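Everything on this sheet refers to the single structure shown next.
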Amino acid sequence: MPISVRLPDDSVRQLPDGATGTDLALSIGPRLAEAALAVRVDGKARDLKAPVRDGEKIAILTGKDPEGLDLLRHSTAHLLAHAVKRLYPDAKVGIGPVIEDGFYYDFQVAKPFTAEDLPAIEAEMKKIVAEGIEVTREELPRDDAAKLFRSEGELLKAEIVESIPQGEIISGYRQGDFYDLCRGPHVPNTSKLKAFKLLSVAGAYWRGDEKNAMLSRIYGTAFATQKEVDEHIQRLEEARQRDHRKLGRELDLYSFHPEAPASPFFHPKGTIVYNELVAYIRELYHKYGYSEVITPQIMDVALWKTSGHYENYADNMYFTTAEEREYAVKPMNCPGHCVYFATGKHSYRDLPMRIADFGRLHRFERSGVTHGLTRVRTFCQDDAHLFCAQDQIKSEMAAFLDLFYEVYATFGFGEIRVALSTRPEKRLGSDEIWDQAEGALAEAMTEKGLAFTLNPGEGAFYGPKIEFQVLDALKRPWQLGTLQVDYMLPERFELHYTQADGTEARPVMLHRAILGSLERFFGILVEHCGGAFPAWLAPVQAAVLPITDRVHPFATQVADRLRAAGLRPELDIRNEKVNAKIREAQLQKVPYMLVIGDREAEAGTVSVRHRSKGDLGVQPLETFLEALQAEVRSRAH
RNA sequence: GCCCACAUAGCUCAGUGGCAGAGCACUUCCUUGGUAAGGAAGAGGUCCCCGGUUCAAUCCCGGGUGUGGGCUCCA
């Protein structure tokens with residue numbers, strides 16, 4: 001009795017009873033059968049070896065489908081574990097999931113793997129592929145599976161199985177002498193795994209818990225074809241070229257020194273960029289009705305006890321003592337702003353009060369977590385606190401979103417992820433207050449038509465927060481901007497204002513930052529533009545390049561004129577050929593190069609070259625100057 | 001903090017149990033040039049720090065510090 005199945009193009013195919021996904025693929029064509037990895041039935045992936053049933057709607061999955069690619073990677077993770085078990089029989093397997101762009105597998109071994117071990121493991125993987133071992137699904141009751149793993153000494157696997165409810169049927173996959181717990185599906189044969197590469201090793205806690213054993217993790221990637229693997233390796237290499245730590249050195253922007261771990265020294269060029277960022281934000285503060293304050297770096301621990309930081313954040317704070325009085329270096333501006341708010345008596349007419357502060361912050365970060373400019377121990381934020389009434393939260397939030405997106409448009413950041421982080425376990429305040437705060441944020445977002453995800457339990461201890469994330473060159477997500485509702489600090493500092501009816505009320509505090517940490521933003525920005533800053537940020541906006549020393553006087557005049565007009569020229573009077581000067585300026589990613597020879601000196605013109613557009617021809621100096629000024633003023637990117 | 005790796009000239013990196021190396025950058029001289037490297041000479045070192053092994057340690061061993069890849073953490 002033949003059965004019929006429907007393909008995605010709605011064509012119907014007859015197959016003999018008991019036919020499998022493999023048979024279906026074969027009936028369509030040998031090339032498809034070769035590429036086939038699994039089938040998808042009703043949106044669920046299934047093994048090729050499983051029989052198809054009459055009336056099913058079936059799609060054949062290959063490495064071209066995102067789902068097929070994940071499966072390929074998952075099977076490659078198993079392949080990795082298989083190879084490791086062959087080479088290191090004592091290794092115990094942990095878990096081996098698919099991640100963005102690849103996979104990893106965790107192992108418990110006496111001696112952690114090092115990068116040198118990878119080629120041998122990879123060679124063994126290729127051997128298993130060449131052997132063309134069949135991969136088969138096996139199902140058994142949960143208790144039997146647990147017993148099986150225990151008897152084989154695979155205690156980590158047994159632990160996972162035992163966390164599954166009793167009575168369930170467990171599926172596993174066998175390839176030759178290797179057996180692994182897995183939901184599946186998997187490729188039908190190891191020969192399907194043709195293109196993969198092991199990338200790195202790292203330590204990782206079992207089940208991600210610091211209290212558990214440290215396992216040895218191997219990261220790898222896999223694609224349908226070797227070409228795609230090569231392209232991926234190429235992309236990783238390009239990302240490394242854009243790494244802000246490398247560019248920071250090459251462009252002379254900042255440096256790090258052992259004397260101050262994880263604390264950047266901004267060089268003159270980096271400082272120009274940094275200050276331009278601050279100047280831009282200040283300009284917007286003026287437009288959006290903010291006031292700026294300057295508050296102390298070091299304050300009595302009493303303040304931090306009042307704010308709750310001493311209790312909740314002391315591990316990340318620096319302390320100092322003078323005249324037997326204990327002080328803390330500020331890790332945040334908010335308590336200082338509460339002190340400022342309490343300085344005067346406020347009316348509802350004063351609200352909202354938007355208090356900005358570019359104060360330097362110090363936070364002790366555990367060694368091992370710091371990273372270039374993106375995770376440092378001293379930084380400053382484009383920080384501000386909005387003191388407002390409860391019914392002003394939504395409008396303040398809306399205004400902030402406008403401000404935020406205006407800034408991000410200026411920098412040309414396209415992909416911004418927005419997430420709402422909700423109450424963490426360690427927190428201040430009652431559940432009612434948290435309900436109110438989380439609700440206000442979510443509502444404001446929804447009314448703005450903003451799509452956002454939830455990060456349950458990731459909120460600050462004093463309130464929920466909205467986080468804006470962008471990705472760096474290596475696609476790592478970084479939090480930059482944020483907005484946080486805070487009912488706690490006004491309470492702790494007993495802040496109040498007089499309402500219209502003469503009664504006193506507690507203001508709500510909104511903590512918010514657009515760029516977040518300027519240091520971190522700087523790092524992300526460098527990677528975003530590959531070091532080629534837009535003209536308004538570029539430390540050197542125009543390199544003045546005389547061809548011969550006969551024209552040095554005119555070249556000097558050109559540089560002086562630009563400088564007098566508020567621009568940032570750099571005069572290169574080194575005894576070098578113009579080719580060398582151009583190359584240098586290109587490598588420094590200077591937006592404009594002004595080549596000056598006898599002809600230009602004679603005519604009072606400059607020969608303009610743009611770092612990416614190339615030779616723009618000869619222009620009168622004033623024409624170029626006005627164009628550059630306009631470009632800078634508009635903050636074009 | 002935990003696992004692994006790395007640390008040699010300003011930068012990128014070779015190298016060796018017995019005098020410390022290259023390229024680029026730097027300095028000087030020659031060269032005066034037209035849109036991505038002109039030539040020559042010179043100078044430049046606590047081989048990260050402390051201890052151990054050794055006749056002898058930049059190299060081997062131990063500890064520390066810093067950096068990197070991850071994990072955990074991250075207001």
Side-chain angles (χ1 to χ4, degrees), chain A residues 104 106 109 111-117 199-219 240 243 245-246 249-250 252 255-262 307-309 312-313 315-317 331-334 361 363-372 374-375 381 383 421 424 426-428 458-465 467 474 476 478-479 482 484 486 488-489 511 513 516-517 545-552 574-587 593-600 607-611 614-618:
Chain A
Y104 67 78
D106 287 343
V109 281
K111 187 182 161 298
F113 294 119
T114 70
E116 281 86 69
D117 300 325
L199 297 173
S200 58
V201 293
Y205 297 108
W206 170 236
R207 297 196 144 184
D209 189 332
E210 210 173 356
K211 291 189 278 291
N212 286 342
M214 177 68 72
L215 305 183
S216 184
R217 174 174 296 180
I218 297 177
Y219 283 92
R240 265 189 281 276
D243 190 308
R245 292 163 299 187
K246 176 178 152 71
R249 227 183 355 260
E250 291 173 357
D252 199 17
S255 58
F256 289 87
H257 303 277
E259 292 83 352
S307 70
H309 287 83
N312 293 280
Y313 201 66
D315 287 350
N316 287 284
M317 291 169 67
M332 293 176 207
N333 291 311
C334 26
L361 307 178
R363 299 184 187 175
F364 176 75
E365 300 284 358
R366 293 157 101 193
S367 59
V369 308
T370 58
H371 177 94
T374 50
R375 188 87 182 263
Q381 298 177 315
D383 196 15
S421 298
K426 198 173 167 187
R427 60 177 184 263
L428 301 173
E458 297 288 310
F461 75 84
Y462 54 70
K465 60 185 181 184
E467 290 181 337
L474 289 163
R476 284 175 296 220
W478 290 100
Q479 189 208 312
T482 180
Q484 307 171 9
D486 185 357
M488 315 300 168
L489 277 186
H511 307 243
S517 149
L545 312 177
I547 291 172
T548 153
D549 35 10
R550 283 192 302 281
V551 298
H552 280 185
R574 287 176 309 156
N575 182 8
E576 287 291 350
K577 292 200 170 182
V578 74
N579 275 354
K581 294 182 182 182
I582 286 172
R583 177 184 152 80
E584 185 95 354
Q586 272 304 142
L587 291 174
M593 285 151 268
L594 305 180
V595 177
I596 292 174
D598 290 322
R599 297 197 292 270
E600 287 79 11
S607 176
V608 183
R609 178 191 163 101
H610 185 264
R611 67 181 168 207
D615 196 342
L616 298 181
V618 175

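Convention: sequence-line order gives letters A, B, ...; per-chain numbering from 1. The structure displayed is predicted, hence computed values, not measured ones. Keep in mind that the numbers below use all heavy atoms, side chains included, and drop hydrogens, waters and symmetry copies.
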Using a heavy-atom cut-off of 4.0 Å across all strands, would you classify [X] as base, sugar-phosphate, or nothing?
X: A:Asn312; answer: base
X: A:Tyr104; answer: nothing
X: A:Ala262; answer: sugar-phosphate
X: A:Asn579; answer: sugar-phosphate
X: A:Arg363; answer: sugar-phosphate
X: A:Gln381; answer: nothing
X: A:Ala204; answer: sugar-phosphate
X: A:Ala115; answer: nothing
X: A:Leu587; answer: base
X: A:Gly516; answer: nothing
X: A:Lys581; answer: nothing
X: A:Asp315; answer: nothing
X: A:Gly208; answer: sugar-phosphate

Can you tell me the pairing partner of [N] across any strand shown, Watson-Crick or G-U wobble, with both distances under 3.5 angstrom?
N: B:A37; value: none
N: B:G42; value: B:C26
N: B:C59; value: none
N: B:A7; value: B:U65
N: B:U32; value: none
N: B:G17; value: none
N: B:C2; value: B:G70
N: B:U53; value: none

Can you check the [X] [atom1] to [N] [atom2] distance for me, whole Å?
X: A:His511; N: B:C74; atom1: NE2; atom2: C1'; answer: 16 Å
X: A:Tyr313; N: B:C74; atom1: OH; atom2: P; answer: 10 Å
X: A:Glu365; N: B:U67; atom1: CD; atom2: C1'; answer: 17 Å
X: A:Glu116; N: B:C4; atom1: CD; atom2: P; answer: 13 Å
X: A:Lys577; N: B:G34; atom1: NZ; atom2: P; answer: 7 Å
X: A:Asn575; N: B:U27; atom1: CG; atom2: C1'; answer: 13 Å
X: A:Arg249; N: B:G68; atom1: CZ; atom2: C1'; answer: 11 Å
X: A:Leu616; N: B:G34; atom1: CG; atom2: P; answer: 20 Å

Using the [atom1] atoms only, state how far [M] lies from [N], rounded to an integer number of Å.
N: B:C74; M: B:C49; atom1: P; result: 37 Å
N: B:G38; M: B:G66; atom1: C1'; result: 41 Å
N: B:U72; M: B:C50; atom1: C1'; result: 30 Å
N: B:U16; M: B:A56; atom1: P; result: 22 Å
N: B:U8; M: B:G68; atom1: P; result: 14 Å
N: B:C6; M: B:U58; atom1: C1'; result: 15 Å
N: B:U54; M: B:C60; atom1: C1'; result: 10 Å
N: B:G39; M: B:G64; atom1: C1'; result: 48 Å

Counting only side-chain N and O atoms of [X], is one of them less than 4.0 Å from OP1 or OP2 of [N]?
X: A:Arg609; N: B:G34; result: no
X: A:Arg245; N: B:G69; result: yes
X: A:Arg366; N: B:U72; result: no
X: A:His371; N: B:G69; result: yes

[X] side chain to [Y] backbone, donor-acceptor under 3.5 Å:
X: A:Asn312; Y: A:His309; answer: no
X: A:Lys465; Y: A:His511; answer: no
X: A:Asp549; Y: A:His552; answer: no

Rounded at 0.5 Å granularity, tell me how far [atom1] in [X] sits from [atom2] in [Y].
X: A:Glu458; Y: A:Glu467; atom1: CD; atom2: CD; value: 7.5 Å
X: A:Asp315; Y: A:Glu365; atom1: CG; atom2: CD; value: 11.5 Å
X: A:Ser200; Y: A:Ile218; atom1: OG; atom2: CD1; value: 9.5 Å

Got a donor-acceptor pair under 3.5 Å from the side chain of A:Arg375 to the base of B:C74?
->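 Under the 3.5 Å cut-off, the side chain and the base do form a donor-acceptor pair.
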Looking at B:G66, does its base get a donor-acceptor pair with the side chain of A:Glu259 below 3.5 Å?
->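 For A:Glu259, whose side chain was compared with the base of B:G66, there is no donor-acceptor pair (under 3.5 Å).
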How do A:Cys334 and A:Glu576 order along RNA chain B: which one's closest nucleotide is nearer the 5' end?
->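 Whichever sits nearer the 5' end wins; that is A:Glu576.
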Mapping A:Val578 and A:Thr114 onto RNA chain B by nearest heavy atom, which one lands closer to the 5' end?
->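 Residue closer to the 5' terminus by nearest nucleotide: A:Thr114.
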Distance-only side-chain donor-acceptor flag, A:Arg217 / A:Tyr219, under 3.5 Å =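 The criterion, which ignores hydrogens and geometry beyond distance, is satisfied for A:Tyr219 and A:Arg217.
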Got a salt bridge between A:Arg366 and A:Glu210, using NZ or NE/NH1/NH2 to carboxylate O under 4.0 Å?
->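 Looking at A:Glu210 together with A:Arg366, the answer is yes, because their closest N to O distance falls below 4.0 Å.
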May I ask you to decide whether A:Asp243 forms a salt bridge with A:Arg245, counting only side-chain N to carboxylate O separations under 4.0 Å?
->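 Salt bridge present between A:Asp243 and A:Arg245.
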